[in-house]
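Before any comments, here is the structure.
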Amino acid sequence: MRTDELIIYRNMDEGEILSDMSYLMDVSEDSACETEKLRKTFFSCIGRLVDMAVSHGFEGNLWHNYLAYLLASHENAYSTSCEIVGAVKGSINEAVKGDFSIFKELFEYDFKALSKKLGTDIPAFLYDYAGVSGHGKVFNQRIRDRICELGMHLAQAKDAEEFQAVMTQFYKEFGVGKLGLHKAFRAEHDEGGVRIVPITKIAHVQLDDLVGYEIPKKKLIDNTEAFVSGRKANNCLLFGDAGTGKSSSVKAILNQYYDRGLRMIEVYKHQFRDLNDIIAQIKNRNYKFIIYMDDLSFEEFEIEYKYLKAVIEGGLERKPDNVLIYATSNRRHLIRETFKDKADRDEELHTNDTVQEKLSLVARFGVTIYFGKPDKKQFQEIVRQLAAKNEIDLPEDTLLLEANKWELSHGGLSGRTAQQFIDYLSGMKE
């Protein structure tokens, strides 16, 4: 098989199976190679395909799924150019057409020839593998389905041109690599530096699920809409009382705009030193990235806020246009101060400088959105709507009476308390 002739799609991660299978396909029947050694290599490949099927949740034709996974994951000059924008012009199309003709041969390979060559049967599950749980640890079901469907469409392509059209459309709709296939990420620091790691299971909350707070939600939507549309947008600080839906609103924004190229990277304050490295990995991609900081606040002795200030607005290199910072906090002023701090400042010669340094962090969030605790009437309306959505069949008077009892002993009036009450009723119903 002509895999050594690949130009664009070379040096693939997890390409060892492809390399070994290509070697087996090229060995002639009258080769002097030991048949037992070849069989060992073949069944090793089958075993690794099954391992990948379990970890990634693949079903159906495992060989086609594997090849589709390689193509969907490989970040190269062509795939990263096509993500979000679609087909591109230029000589790169000729280079990639040659690569796709090779992959088309791989999709069409008749394993009966290999079976005869090795003197062994090909396991039937290679063509029609049934999964265990519908998804794996690496991919959720939604992403798994996209890879499996891609494999089926590529297998049906009539020629290299149609094969390329299928791949180009896939890159346009879903992107390429981990940044294309996943919505949300976290940052991890190891010996090799900062890595952006996918989060495979996230809450599928929608903005309509958040009862009330129409004005705060609209401000958040308007800013995010401008961002994903390529217009000027601001960093956002969502602040207010605990349990009022700040974090849920940010998650809902991601779910709403993911299909338009929005991605989210969660960063904790102890990782702020890595912000420049994180941004360097994403600034040249065709996605819009929100760096998300949940429950942001600083004690007086913590200085990580200085790194955040520098990234938001400072230094010679400005923040890329495809990156915004969204943060949530229970505090309007992010840096905690005490009366002792005020007494200490009274002893300073330039107290105003100290105050301004701390206030300037909040000022660098162009949009600040307040989420306040609901009053009794608003709390009861949240309970009513959540009960209707969850099909809680209780008389309204009983429902509200029990909700009032619940909030008195479970954190007071808030959207979170209302949701916990409805979850409790749903659990009792089941």
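These numbers come from the heavy atoms of this one structure, side chains and all, not from hydrogens, waters or symmetry mates.
For the residue pair Gln206 and Ala252, the shortest heavy atom distance occurs at C-CB, 3.7 Å. Contact between Gly245 and Ser249 at its shortest, heavy atoms only, is O-OG, 2.7 Å. Pairing each heavy atom of Phe174 with each of Tyr287, the nearest pair is O-OH, 4.3 Å. Closest approach of Thr35 and Leu118 over heavy atoms only: CG2-O, 3.5 Å.
Other residues, nucleotides and ligands contribute over 12 non-hydrogen atoms within 6.0 Å of the OH atom of Tyr127. More than 12 heavy atoms of other residues, nucleotides or ligands sit less than 6.0 Å from atom NZ of Lys389.
Across Asn223, Asn234, Asn235, a single residue satisfies side-chain hydrogen bond (donor to acceptor under 3.5 Å, both in side chains) together with Tyr326, and that is Asn223.
Note on ring orientation: taking the six-membered ring where Trp is involved, the planes of His182 and Phe139 are tilted (angle from 30° to 60°). Aromatic ring orientation, Tyr129 versus Phe125: perpendicular (interplanar angle above 60°, classes split at 30° and 60°). Aromatic ring pairs are classed by plane angle as parallel below 30°, tilted from 30° to 60° and perpendicular above 60°; the pair Tyr109 and Phe111 is perpendicular.
Side-chain atoms of Ser73 do not come within 3.5 Å of backbone N or O of Leu70 as any donor-acceptor pair. Side-chain atoms of His64 do not come within 3.5 Å of backbone N or O of Cys148 as any donor-acceptor pair. Of the possible polar contacts, one joining the Asn93 side chain to the Gly90 backbone as a donor-acceptor pair under 3.5 Å is found. Listed for the Asn65 side chain is no donor-acceptor partner under 3.5 Å among the backbone atoms of Phe58. The backbone N or O of Arg142 lies less than 3.5 Å from a partner atom in the side chain of Asn140, making a donor-acceptor pair. Side chain of Trp406 to backbone of Ile422: no donor-acceptor contact under 3.5 angstrom is found. Listed for the Gln281 side chain is a donor-acceptor partner under 3.5 Å among the backbone atoms of Val194.
Contact check on Arg2 versus Glu5 returns a salt bridge, with a Lys/Arg side-chain nitrogen under 4.0 Å from an Asp/Glu carboxylate oxygen. A salt bridge does not link Glu266 to Lys251: none of the charged side-chain nitrogens sits closer than 4.0 Å to a carboxylate oxygen. Taking a cutoff of 4.0 Å between a charged side-chain nitrogen and a carboxylate oxygen, Arg384 and Glu381 qualify as a salt bridge.
Under the rule for a salt bridge (Lys or Arg N to Asp or Glu O under 4.0 Å), Asp208 has no partner lying at least two apart in sequence or in another chain.
In this structure, the side chains of His189 and Arg273 stay at 4.5 Å or more apart for every pair of heavy atoms. You'll find the side chain of Lys373 stays beyond 4.5 Å of the side chain of Phe379, heavy atoms only.
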Begin with the C-alpha distance, continue with both residues' side-chain angles, and end with the deciding distance and a verdict on side chain to side chain contact (heavy atoms under 4.5 Å, CB included) for Thr41 and Met21. CA-CA 8 Å; Thr41 301; Met21 290 293 283; over 6 Å; no
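Residue pairs satisfying the side-chain hydrogen bond (donor to acceptor under 3.5 Å, both in side chains) criterion with at least one member in residues 165-178, sequence neighbours excluded, are listed as follows: Tyr9-Tyr171, Tyr78-Thr168, Gln169-Glu173.
Phe371 has its ring centre no less than 6.0 Å from the ring centre of Phe239.
Geometrically, Lys288 engages Phe227 in a cation-pi contact, judged by NZ or CZ lying under 6.0 Å from the ring centre and within 45° of the ring axis.
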